[in-house]
Amino acid sequence: MRNWVFPYFKKFWRRLLLSAILGFLALFCAAGLLFTSGYLISKAALRPENILLIYVPIVGVRAFGIFRAFFRYTSDLASHDTVLRILSGMRTRLYSILEPAALFIRSKFRTGDLLGILSDDIEHLQDLYLSTALPAASAVLIYGMWISLLGWMDGLFALIMGLYLSILLVVFPLLSLVFTNKFRRQFSVQRHHLYEKLTDAVLGAGDWMLSGRQKDFLDQFMVEEKSISRIENRLHRIRRWREFVSELLIGGSVIALLLWSQHMAASGHMSRTLIAAFVLVTFTIAESLIAVSEAVERLPQYHESFSRLRRTETMPEKETDVPAEKGRVPLPEAPVTIDVANLCFKYGETERWAIDHLSLDVRQGERIALIGRSGAGKTTLTHLIYGALKPTRGTVTLNGVPAWQIGRHVSSIISVLNQSPHLFDTSVRNNIALGNEQASREEIVQAAKWVGLHERILQLPHGYDTQMHEAGAIFSGGQQQRLALARIMLRNTPVVILDEPTVGLDPITEKNLLQTFFTVLRGKTLIWITHHLAGAGQMDRIIFLEDGAICMSGSHRQLLKENRRYRELYRLDVPDHLAKRIQGHE
Amino acid sequence: MSMDREIFTYHGAKLLFFIVSVLTGLEGIFIIVQAVMLAGVISGLFSGQSVFSLENQTVLFFLAVVLRYFCKLAIKSLTFRFADRTGSEMRNHFLATVFTRGLPMIKEEGTATLVSLAIEGVPKARKYLELYLPKMAANGILPIMILCFVATKDMLSAVILLVTIPVLILFMILLGLAAQKKMDERWASYRVLSNHFLDSLRGLPTLRYLGLSRAHETSIRRVSDKYRQMTMRTLSLAFLSSFALDFFTMLSIAFVAVALGLRLINGQILLDPALVVLILAPEYFLPVRELGQDYHATLDGKEAAHKLTRYAGDAGTRFTAGIEPPDDGNDSWSAASSLSFQTVSATYARSDGEKVLDSLSFTLNGFEKIGIIGASGAGKSTLINLISGFISPLSGQIRIDGKPATLTASAWQKQITYIPQHPYLFSGSIGDNVAFYAPEATAPEIRRAVQAAGLGTFVSGLPMGLDERIGSGGRALSGGQEQRVALARAFLCRRPILLLDEPTAHLDIETEYALKESMIPLFDGKLVILATHRLHWMDQMDRILVIEHGRLQESGTQEELLKRQGAYTKLVRTQLEGLQ
C-alpha cells in the first residue's frame, strides 16, 4: 500500500477529487430530478393561477434530467483518465524496480509467467480506484449533502437520519468486510491451491492416463472444488441477505421521512409541497449508499496483487551497481584481452562457491567453448565477465580494467546472445535496428543478408515492415536466433558471448546455425556456452567446468587424442563409425 | 447467440425460468402496490391527514417493500443454486474429457488455457447462468406490467414511457456501432500499445544486453501516455451509449413529470395518480438499466460457457474415435507378441485434418528395440502418441497378435511406460513420484528402483531422503535428475513396453552420457520404442524405422540401412557433414 497507492493519491489528488465530485454531481442530479419532480407536481396540484409559479421547477426537472447524464459521462471519463495516468506511473515504477535485476529475471522467475501476472496485477489495481475508492467517495459526498440539507431544516432529525443511514454507509460495509474477509482469504488460498493442483495434473495428464488413475484425481479434485463452492455459497448468501436488509432499511427511512415531513408540515416549518419531494429523493440517495458495501467488499481482492508487487522490491539478486562518479574508467577498446585471475564468487554468505579459483586468459579473436553440467557455473562466469556481478575474490579484467567497474558501458564491448532472445512487438526492421539505432536501411539489410535471413524476410507479407506478432509465428526457432544474431552484427562488438543459443533446435538446424555463427563472427572473441560437442572442432579451446572450476581444457585435436573421456563424449555427438561411413562414400 | 437458446438445454433450466417468471410477476405486483400505497400516503399527507390515519396504507407500503425484495432474494437464491450446479457439471464434464482423451487438446490449447478455463471460466459461466434468466424475465415482464398499469392511470405518460424505449435502443445501437468502428480502425496500434509494457518486461534481459534497458524507461512512460490518450478517445465514444441510456431515461422521466405538472394545473389529473406514475417511471426503466450493468461479465460468461460445453462435447469426436472397447485383451505383452500397423494414418489435433502420418505399415515383435528416426516435424512424436493410445488413427488397421485392437484401451495403456523429453514431476515427495505408476509399491521396492535409476546417492544426500518434496513448490531438479525419476518409475512398475520420446537431446553431453548408461539396463526384456534424432542411440537398436514427411521411408537394422545408401544415410550425412 505504502509504495503502490499513497504516492499516487498524493500526486493525483486533484484529478481524483474532480472525478469524485463529478460522480457526486451525477448522483446529485438524479436525486435532484426526483426532488424537483415531486415538488413540481405537488405545487401544480395546488392549481396556482399563474403557470409561471411552476416554471422554475419545470426548468429544474429538465436541467437535472439532462445534466445527470452529462455528469456521469464526464465523471467516467475523468476517472478513467486519472486511473490510466496512475497506471502509467505504476508501470514505470515496476519497470525501474525490475530493470537492475534484468539479467537474473529468467532464473528467478522461471516457473510460470510471473511477469505476466505482475503486469496483470497492475491492471487489476485500476479497480481499486474505479470500483472502490471513487464510488465510495461520491457516496460519502451525497450522504454529507443530504444530512446537511436535513440539518438545515431540523438538527435533531438530521442526527437521527444521519445515524440511521450510516448503517448503510459505514456499518454494513465494515461488517461485510469483517465477515467476508476470512472467507475471501480462505477462498483465494484454496483457489490458488486448486489452480496449482490442476496445472500440475494437466501437465502430467499423459502419466495420469497411462497409469489408469484419472478417476482418483478427478474424485479428489471434485472434493476440493466442493469445499470452495461452499465458501462461495456462503459469500453469496451474506451478500443476498445484506442487500435484502438494506432495502428494508430504505423502506424504513421512507416511513421515517413521511412521519417527519408530516410533523414539519403540520407545524408549519415546511411547505406541504415538499413532502413528496423529500420522500421521493430518499430512495435515490439511499440506493447510492448501498453501493458502498459492494465497493468496500472488494478490498481484500487487491491484497494479493499488492503483496506480489511488494515482493518484487525485495528481490535479492541485483546487478552490482556502479556509482556514477566512480564509474569513470577508461573504456577498453579492441583488441580486448580478457583476463580472469584466481576468480572466486558466491551469491550469498551461506551459499557454496559458484566459481572457485578460476583463471583464464582470452586474447582478441580467440574462440572458446564452455561446457559443463547445469549448475557448474557457466552462466555465472559469463555474468562476471560481463561485469554484472562483482567478484568475491580475484579479478576479471578487460584490457586491465575490472569488468564490474565498466558498468553498463560494457554493452558496447561485449554482446550476448542467449537461449531465447526476445523479439519485440514491432517491425522486423526495428527489431534488427535495436542492435544499433543509428544503422541505415542498407546496413540493416546487409546484416540480414549476413545471417541468411534476407530472402526469408522479403517473403513476409510486408517485407522488413512486417510486424513481429505476425512474423513471430512464421519465423522458426532457428530463424529467430538468426534475427538476434543480425542485431549483434550491427552492434559490432569485439567480444561475443553465445549462451546456449541452439538449445531445443533439431540437429540439422543447429548445425546450420552454428556454421553461420562461426562464419559471420570471424575475428571476434567468441565465448560459446554449449551442451553438445558438435562444432567443437572449430573452437580454439574447449573448457569443461565442474563445480565452478576448470576440470578439463585444451584444443579439440589435443583432447581427442589424449583424453579418453573426451573421446567418449564426442562420440555421442559424432558417432565414429557413422562419420567414417559417410566420409568413405563421399 | 446460439448460447442463449443453449441455456435452456441445461438440466432444470426451463422449470427454473418458469418459477423465476412467476416470481418476477409477483415482484411486479408488489412494485405497483408499493407505488400506489406510497402515493396514497403522500397525497393524504398533502391534503392534511396524519400518518396515523393513513396507518393501513403505510403498513401495506412497507409490506410491499418486504415482499418485493423477498421475491428478488428468492430469485437470486434459486438462480445461484442453478448456476452453481450447472457450473460444476460443466467443469466435471470438461475435466473428465481432458483426462481421458485430451492429450492432443492440451498440446493444441496449452496447459494454461485449459486450466484457466476450468478454474476461471467456470465462475464466469456461472455468473452468466446466474444473471441471464432473471434479467430476461425482468425485462420481459416488469416494463410491460408497469406500462399497462400506468396506462390505466394516465395515457399520456404511458405513451411517453413507451416511445422512449425504441429511441433509447436505436441510439445505443448507433453509438455502439460507431464506437466499435473506431475501435476496429485503431485496433492494430491499440494492440501494440496495450502489449508494450508486458513486451518490455519480457524483453528486459535482451534490452539490457543491447545496452538499452535504462533508456527504455522513458519509452514506457511515453507509450503509456500514448495508450492513455488513445484509450480515452475510444472511451469517450464507448461511454456515449451509457450516456444515451442515462440521457433518455432521465429525460423521459422529466417529460413525464412536466406533462403531469401541466395537467395538474388544469385539473385534468389528480395528485394521487400523478404521484403513482412519477414513482413508477424510474421503476419502468430499472430492468433496462440493470441489463447494461453487467453486460461485459455476461458476455464473457457466455463465451466461457460455450467453450466449456464445446470442448467437452466434441473432444470425443474430434480427437479420438471415442469408442471404449471392452477390456478383453488382457493378455500382456510377451516375447511372442506382435503389434502390426496396416496402412495407418493419423492427424495430430489439427482441425484441418492434414495427415501427419500417412499409410504406415510395419510390425513390431516381442522384445525388439525399435529406433524411430527422422527430421523434426516428420511425425516421430505422433507415432509415439499413436502407440501409447493418446490419439486414435484416422484410418487403417492395428492388430495385436493378429487380432484387431484399439490402443486407446486402458488394458493396452496399462502395459506401457512412457518417458518423454521432459517427464513431469508431480508436486509431492520423490517416493510418491517414483511410485506414481505403482502406488502399492513398498518402500524397499522404491529404494531399489531409485538405486537402479542412478538416483541413490542424490536421494540419500537429501535432508528428507525419499520424502523430500519435488515438483512445483518443492526442490528443483536438473534435467538429468528429472529423467532419472522417470527411469525409476519405469524400473519400479515393470511394464513390458517402454516408449521414449527424445529422452536425452536437451541434456548436456556429460549428463546424457551418464544417463544413457543407466537407461540401457532398463531395455532388457521389454519392447522398446525410442524416437530421437540423436544418432548414437541407433547402436542400441535392433531395428530402425526412418520416417520422412509422415511416411515410413525405410526400416531395417543400422547395418542394412547404411548399406542401402538411402534415407538413413542421407539423414546421417546432413547431420554430421562439416562438423568434424
Side-chain angles (χ1 to χ4, degrees), chain A residues 37 40-41 44-45 58 61-62 65 68-69 72-73 76 80-81 84 88 91-92 95 99 102 115 119 195 198-200 202-204 210-212 214 236 240 244 247 251 259 262 272 275-276 373-374 411 416 421-422 424-425 434 506-508 531-534 537 569 572 575 578-579 581-582, chain B residues 42 45-46 51 62 65 69 73 76 80 99 111 115 119 195 197-199 201 203-206 208-211 213 220-221 224 228 232 239 243 246-247 250-251 254 257-258 260-261 264-265 271 274 376 410 413-414 418 424 427 437 478 508-509 533 535-536 562 572-576 579-580:
Chain A
S37 301
L40 167 66
I41 61 169
I58 286 180
V61 165
R62 284 182 179 154
R68 144 83 193 185
R72 175 139 166 233
Y73 180 69
D76 280 351
H80 277 84
D81 183 68
L84 285 171
S88 165
R91 282 179 165 171
T92 322
Y95 183 85
E99 197 270 340
L115 291 177
S119 146
Y195 228 111
L198 189 60
T199 309
D200 210 41
V202 170
L203 285 171
L210 288 180
S211 67
Q214 304 103 307
H236 201 265
R240 278 193 314 250
F244 179 64
E247 296 292 351
L259 282 167
Q262 177 227 345
R272 282 185 296 152
I275 297 175
R373 294 168 193 252
S374 62
S411 65
V416 179
H422 190 76
F424 291 88
D425 190 4
L434 278 175
D506 69 87
I508 297 171
H531 65 299
H532 281 172
L533 285 172
L569 291 178
L572 282 189
L578 289 179
R581 286 293 271 273
I582 60 158
Chain B
I42 293 175
L45 291 182
F46 183 75
V51 177
F62 192 74
V65 171
Y69 288 102
L73 183 74
K76 278 185 187 161
F80 181 81
F99 281 96
T111 304
V115 171
I119 295 192
N195 282 341
F197 179 60
L198 189 53
D199 196 37
L201 285 188
L204 198 49
T206 302
R208 171 67 184 87
Y209 281 132
L210 294 169
S213 55
I220 286 193
R221 189 165 302 151
S224 280
R228 175 176 58 81
M232 288 317 295
F239 286 160
F243 176 79
D246 265 341
F247 184 78
M250 286 296 159
L251 208 60
V258 172
L260 288 172
L264 273 164
I265 290 183
L271 179 63
S376 55
S410 58
Q413 291 192 326
K414 279 190 174 156
Y418 174 54
Y424 194 72
S427 168
Y437 282 78
S478 71
D508 69 275
I509 195 117
H533 44 226
L535 296 169
H536 64 82
L562 285 170
V572 173
R573 180 165 298 146
T574 23
Q575 253 193 55
L576 297 186
L579 268 187
Q580 306 104 49

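Not measured: the values here are computed from a predicted model.
- Remark: side-chain polar atoms of A/Q214 are paired, donor with acceptor, to backbone N or O of B/F99 under 3.5 angstrom.
- Contact tally against chain A (heavy-atom pairs below 4.5 Å) for B/L201, B/L210, B/V65, B/I42: the top residue is B/L210.
- Under the 4.5 Å side-chain criterion, counting only non-hydrogen atoms from C-beta, A/H422 is in contact with B/D199.
- Among A/L84, A/L434, A/D200, A/I275, the residue with the largest count of heavy-atom pairs under 4.5 Å with chain B is A/D200.
- Using a 4.5 Å cut-off between heavy atoms, A/H80 touches chain B through backbone and side chain atoms alike.
- The parts of A/R91 that come within reach of chain B are both its backbone and its side chain, each placing non-hydrogen atoms under 4.5 angstrom from that chain.
- For B/F197, the part lying under 4.5 angstrom from a heavy atom of chain A is the side chain only.
- Interface remark: of the candidates A/L203, A/L533, A/L259, A/D76, A/L203 forms the most heavy-atom pairs closer than 4.5 Å to chain B.
- Ranked by heavy-atom pairs under 4.5 Å with chain B, the first of A/T199, A/V61, A/I58, A/D81 is A/D81.
- Not one N or O on the side chain of B/S478 forms a donor-acceptor pair closer than 3.5 Å with the backbone of A/S374.
- Under the 30°/60° scheme for interplanar angles, the aromatic rings of B/F239 and A/Y73 are found to stand perpendicular.
- Remark: side-chain polar atoms of B/Y424 are not paired, donor with acceptor, to backbone N or O of A/V202 under 3.5 angstrom.
- More than 12 heavy atoms of other residues, nucleotides or ligands lie within 6.0 Å of CZ in A/R240, so this atom counts as buried by the packing criterion.
- For B/G211 against A/S411, the heavy-atom pair with the smallest separation is CA-OG, 3.3 Å.
- The two residues A/A45 and B/F46 make their nearest non-hydrogen contact at CB-CE2, 4.1 Å.
- At least one side-chain heavy atom of A/I508 sits less than 4.5 Å from a side-chain heavy atom of B/Q575.
- Taking all atoms of both residues into account, the shortest heavy-atom contact from B/V51 to A/Q262 is CG2-OE1, 3.2 Å.
- The heavy-atom pair separating A/S119 from B/L198 by the smallest distance is CB-CD1, 3.8 Å.
- Remark: A/D506 pairs with no residue by the salt bridge (charged side-chain N to carboxylate O under 4.0 Å, His left out) rule, at least two apart or across chains.
- Nearest heavy-atom pair, A/I41 versus B/L271, reported as atom, atom and distance to 0.1 Å: O-CD1, 3.8 Å.
- B/L45 has its side chain out of reach of A/R272: every pair of non-hydrogen atoms, C-beta onward, lies at least 4.5 Å apart.
- The choice from B/L251, B/I220, B/I265 that makes the most heavy-atom pairs within less than 4.5 Å of chain A is B/I265.
- Taking all atoms of both residues into account, the shortest heavy-atom contact from A/L40 to B/G261 is CG-CA, 4.4 Å.
- Remark: A/L198 CG to B/I119 CD1 distance equals 5.0 Å, nearest 0.5 Å.
- Proximity to chain A is limited to the side chain of B/N195, based on heavy atoms less than 4.5 angstrom apart.
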